[in-house]
Amino acid sequence: MKKTMKMLMIITMMVILAVSLTGCGNTNEKDSLEGLAVYTVDEDMTGYTKCTDVEGIEFYYPSNYTVQKSGANTAYMDPEIVGANLNVVSADFPSAYTFESYVDASIAGIKAQMKISGDINKEYINLNGRKAVKLDYTATQSGYTMKCTQVLVVKEKKAYALTIVSLEKDAEALKPKLDKMVKSFK
């Protein structure tokens with residue numbers, strides 16, 4: 001069990017590295033939200049803890065999650081679903097690319113780092129009044145098949161990536177928590 005958790009944490013860090021090292025750039029924070037699916041924070045966050053560790057954003061995670069620090073990275077681990085975890089990274093958003101080209105470059109980085117089963121589902125969303133993208137995909141790495149969800153958003157010239165990973169077999173059990181965490185990201 002510890003080996004599985006350690007391996008999933010390493011794999012999660014690889015995914016984050018692929019996104020955070022992607023060159024990114026210019027975006028208009030007021031890009032049209034028209035026609036995008038609306039994701040808003042739930043009013044009742046009972047049983048969830050507000051995370052403000054990452055400057056410039058906040059999100060909620062289940063209060064029973066354990067916090068694991070590794071250097072500058074922090075992972076929030078689900079004690080009930082072995083290997084399920086989430087983390088957030090941020091990077092400056094220089095002016096070389098649009099938000100859409102950043103997303104495309106991030107997808108290319110993910111594909112270069114991991115073996116992806118099928119397509120990466122890309123959905124632009126209205127996340128608490130801000131244009132964001134939600135990426136869903138299944139990846140295989142070191143013999144593990146994982147379900148991954150990433151939310152990418154730009155806020156005040158910083159790019160943020162919220163990454164939630166679980167073993168594929170546990171994805172349905174994690175879905176209610178995942179949805180609540182994603183909606184709380186602002």
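Computed from a predicted structure; not experimentally measured.
Screening residues 110-119 for salt bridge (charged side-chain N to carboxylate O under 4.0 Å, His left out) gives no qualifying pairs among residues at least two apart or on separate chains.
Follow the hydrophobic side-chain contacts under 4.5 Å out from Val67 and you reach Met181 in the same cluster.
Between Thr163 and Val88, the closest side-chain pair of non-hydrogen atoms is not below 4.5 Å. Two residues are said to be in side-chain contact when any heavy atoms from C-beta on lie closer than 4.5 Å; Glu58 and Phe185 fail this criterion. A heavy-atom distance below 4.5 Å is not found between the side chains of Lys183 and Phe59.
With Asp78 contributing its side chain and Glu80 its backbone, the two residues share a donor-acceptor pair below 3.5 Å.
A donor-acceptor pair shorter than 3.5 Å can be found between the side chains of Asp136 and Thr149.
At a threshold of 4.0 Å, the pair Lys147-Glu168 does not count as salt-bridged, since none of the basic side-chain nitrogens sits closer than that to a carboxylate oxygen.
In this structure, Lys131 forms a cation-pi arrangement with Tyr124, its terminal cationic atom sitting closer than 6.0 Å to the ring centre and no more than 45° off the ring axis. Because its NZ or CZ atom is both nearer than 6.0 Å to the ring centre of Tyr48 and within 45° of the ring axis, Lys180 counts as a cation-pi partner of that residue.
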Candidate pair Thr49 and Tyr60, rule side-chain contact (heavy atoms from CB on, under 4.5 Å), full reasoning
CA-CA 5 Å; Thr49 299; Tyr60 286 80; 5.9 Å; no
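Put simply, OG on Ser166 and CG on Leu86 are 11.5 Å apart, with the number rounded to the nearest 0.5 Å.
Centroid-to-centroid, the aromatic rings of Tyr76 and Tyr61 come within less than 6.0 Å.
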